[in-house]
Number of protein chains: 2
Amino acid sequence: MAGSYKLKDLSRMLNMSPSTVSKALNDYPTISQMTRDRVKELARRVNYTPDPTAISFKRKKSFTLGVVIPNLLDHFYTIAVSGIEESAMANGYKAIVSQHYEDVGREVEIAEMMARNRVDGLIVSISRETTDILHFRQLEAEGIPVVYFVRRPGEDDVFHVTSNVYKGTADAVDFLHARGHRRIGHILGPASLQATRDRQQGYADALRTHGIPLDDNILVHSNLSEESTVIAVEQLASLDTPPTAIIAFKDQLALDAMLHLKRNRRGDPPIEFVGFGNLPLLKYLDNPPLATLEEQCASIGSRAAEMLMARISDPDMRTGNRSVSFDCRILVLK
Amino acid sequence: MAGSYKLKDLSRMLNMSPSTVSKALNDYPTISQMTRDRVKELARRVNYTPDPTAISFKRKKSFTLGVVIPNLLDHFYTIAVSGIEESAMANGYKAIVSQHYEDVGREVEIAEMMARNRVDGLIVSISRETTDILHFRQLEAEGIPVVYFVRRPGEDDVFHVTSNVYKGTADAVDFLHARGHRRIGHILGPASLQATRDRQQGYADALRTHGIPLDDNILVHSNLSEESTVIAVEQLASLDTPPTAIIAFKDQLALDAMLHLKRNRRGDPPIEFVGFGNLPLLKYLDNPPLATLEEQCASIGSRAAEMLMARISDPDMRTGNRSVSFDCRILVLK
DNA sequence: TTGTAGGCGTTATCAT
DNA sequence: ATGATAACGCCTACAA
């Protein structure tokens, strides 16, 4: 079987000490080229595979990245996770993924589980309920670096990789303005998320640029659940002068809102939607949102993994930015 | 930090030998109840966490299940993977997931990667290109059990957990027949998949029951890609007497087919579709398929994980069935 | 009922 | 340039 040959077996077959063989396989410069070649040749021939459990044990490293996300059903995260896994794999790491389903309690449990499993680091998208990140700070204190992605906590001393949703939202406003919309509503996400605050700022700044006064009546929140979104959009639609267009925190939210309007407000004047994410399913819709802000999910994932692996290799990393963001691109769907 | 206390530390604090502490923590019956309690109490107090890398090393077990699937973008697999992870976690296992993207080459590489990583077992959905499973047989020969799920190879000596698509397809035919359809087309998946053959059999048997002769002209294959599906549905739609309803290998395929017809054959007589999977996105469609066969993805995943863990614990398991299937349920969407 | 001792496969330090 | 040796943390015969 694959893993049957041990370092000791190779050393016996080559009349060398195990330590020499080990060093040869790991390209220690103190080992002569000839010895290295002989060792590697034999290793290849007998298909030697080092035992990763022994290496993890000895080196005190699991070569595992923990990934914590809201929900794999969200294609955004699915794609990001694929990006993470690819980067991880390319660097000899594996990933174990866990979903908190927007429940802080689960998030805390997952953090503990990851620590018990001795992951070398963590990539996290916090839940909508998360208000403090003590459970992750705790891991950092134990030497397990944490990189936040997509959804980061408000604290500004954390490492994170996100979409530039500030600019994305501003672009959405510009786009809608150019299409003639002057009354642009906004369904934000949970107030606890920095991504919500960023969108709000981009929205406010862009409106100001166009000389449109802010109107709090058309700025509402959803906690991302369908029910919450329905309440939010209903609040907008039932105004005396409802918005003619709505920017939604993400595509899924736009779809839930549009579905509600279609079912319950057939006669109303139409409202255009702009979401975030460019979900793959959009192409199958007869009536998609007007536009969506395509995000670079895979790049965000792989960049987060790279940032994390860099921190693992160099725990007191001072080089490189703690904060990376990827631009969104507006995509007109109809 | 969490993992700082070692067995030896506990033993020193308790004036016992490390082996006694180890046995106490693992509930060896030869250790007195009092000792066990004292040990566990201290362990709890100082938050002792055994080092899993040491345990894996010593016990020659990684407590890791490898999961190999086509693509996480398919909600079917996403949900199944969630089921796997839940079962695994509940039993002290973790899961590492890898996608082959329908590429046998990648599938073979993944198999090797999993073996190198010393997973304790594998849960696999083979690619559409996979014609032999030597690479997985090889792992079995090395003592790594494999359980196939959803898509299993044709060989009948393998462990597997699937949907009962034979019955599901027959139900679809019955349903369409009851709705008055007499010319029912079928877009199958790749011929290499057992799931394709099962559907074909269910289709044939049900048609016979209703006294409808088989017509090879309305029985076509898709390799699951959009292009292939377009060719398949075009073949059906361009017949002199096209089918009035089509059973599709899965929802995604039905959607691709419907999209093609909508775009390129607006004037044609309508064709109803029945797919498999009950994708969550279906609710957002203005024109969904007529019906879908809901599958028990999560149960399939967790059952596969349980079957695998049972095999890991008892390598020459003779009890229990090698083959489990879960019924589909037909769901009318409009 | 508890303790002693050896070993899992690899790496790393120190000696040769 | 290579080798001997100890050590990582835990488990488990075997001895006491």
Side-chain angles (χ1 to χ4, degrees), chain A residues 1-40 42-43 46-64 92 115-118 120 142-143 313, chain B residues 1-40 42-43 46-64 92 115-118 120 142-143 313:
Chain A
M1 81 182 238
S4 68
Y5 281 91
K6 315 295 174 206
L7 223 41
K8 218 197 305 182
D9 300 320
L10 300 195
S11 76
R12 203 175 329 97
M13 298 164 77
L14 290 162
N15 288 317
M16 298 179 191
S17 82
S19 59
T20 305
V21 176
S22 169
K23 288 169 186 163
L25 290 172
N26 291 290
D27 281 315
Y28 272 51
T30 72
I31 299 295
S32 73
Q33 189 59 50
M34 210 194 60
T35 306
R36 275 193 261 179
D37 292 344
R38 279 185 61 212
V39 170
K40 288 185 177 173
L42 177 64
V46 303
N47 187 24
Y48 165 75
T49 331
D51 182 341
T53 69
I55 296 178
S56 285
F57 173 51
K58 171 69 189 179
R59 304 265 309 273
K60 298 186 160 316
K61 245 188 108 171
S62 61
F63 296 96
T64 302
R116 271 203 311 279
N117 277 304
R118 302 290 202 276
D120 294 332
E142 294 172 13
S313 307
Chain B
M1 83 182 238
S4 67
Y5 281 91
K6 314 295 175 206
L7 224 40
K8 219 198 303 182
D9 301 320
L10 300 195
S11 76
R12 204 176 326 98
M13 298 165 78
L14 291 162
N15 289 316
M16 299 179 190
S17 82
S19 65
T20 305
V21 177
S22 168
K23 289 171 187 165
L25 288 173
N26 291 291
D27 281 315
Y28 270 50
T30 73
I31 300 295
S32 75
Q33 188 60 50
M34 210 194 58
T35 306
R36 274 193 263 179
D37 291 344
R38 277 184 62 212
V39 171
K40 288 185 179 176
L42 177 65
V46 303
N47 187 24
Y48 165 75
T49 333
D51 182 341
T53 69
I55 295 178
S56 285
F57 174 50
K58 170 68 190 182
R59 305 264 310 271
K60 298 185 161 314
K61 244 188 107 170
S62 61
F63 295 96
T64 302
R116 271 202 311 278
N117 278 305
R118 302 290 204 275
D120 295 332
E142 294 172 13
S313 307

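Reminder, nothing fancy here: chain letters follow the sequence lines and each chain counts from 1.
A:N15 comes within 4.0 angstrom of sugar-phosphate atoms only, judged by non-hydrogen atoms across all strands, and of no base. Across all strands shown, B:T35 has heavy atoms under 4.0 Å from sugar-phosphate atoms exclusively, and none from any base. Using a 4.0 Å heavy-atom criterion, one finds that A:S32 contacts the sugar-phosphate atoms exclusively.
Under the rule for a salt bridge (charged side-chain N to carboxylate O under 4.0 Å, His left out), the partners of A:D9 that lie at least two apart in sequence or sit in another chain are A:R12. Residues passing the side chain to side chain donor-acceptor pair (under 3.5 Å) test with B:T64: none are found, sequence neighbours excluded. Every side-chain contact (heavy atoms from CB on, under 4.5 Å) that A:P50 has, sequence neighbours left out, goes to A:Y48, A:I55. By the side-chain contact (heavy atoms from CB on, under 4.5 Å) test, B:D37 is found to be paired with B:Q33, residues two or more places apart in sequence or in another chain being considered. The side chain to side chain donor-acceptor pair (under 3.5 Å) check on A:S19 picks up A:S17, with sequence neighbours excluded. The side chain to side chain donor-acceptor pair (under 3.5 Å) test applied to A:S32 returns A:T35, not counting sequence neighbours. For A:K40, the salt bridge (charged side-chain N to carboxylate O under 4.0 Å, His left out) test picks out A:D27, with sequence neighbours left out. The side chain to side chain donor-acceptor pair (under 3.5 Å) test applied to A:K60 returns no partner, not counting sequence neighbours. Here B:N117 pairs with A:K94, B:M113 under the side-chain contact (heavy atoms from CB on, under 4.5 Å) rule; sequence neighbours left out.
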Base contacts versus sugar-phosphate-only contacts with protein, heavy atoms under 4.0 Å: please encode nucleotides 8-16 of chain D as B, S and - from 5' to 3'. BBBBBB---

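The backbone N or O of B:V21 sits nowhere less than 3.5 Å from a side-chain atom of B:S11 that would complete a donor-acceptor pair.
In this structure, the helix from C:dT1-D:dA16 to C:dT16-D:dA1 shows an angle of 40° between the axis at its start and the axis at its end, each fitted on 5 base pairs and rounded to 10°.
Protein chain B touches strand DNA chain C; the 5'-most and 3'-most nucleotides with an atom under 4.0 angstrom of its non-hydrogen atoms are C:dT1 to C:dG9.
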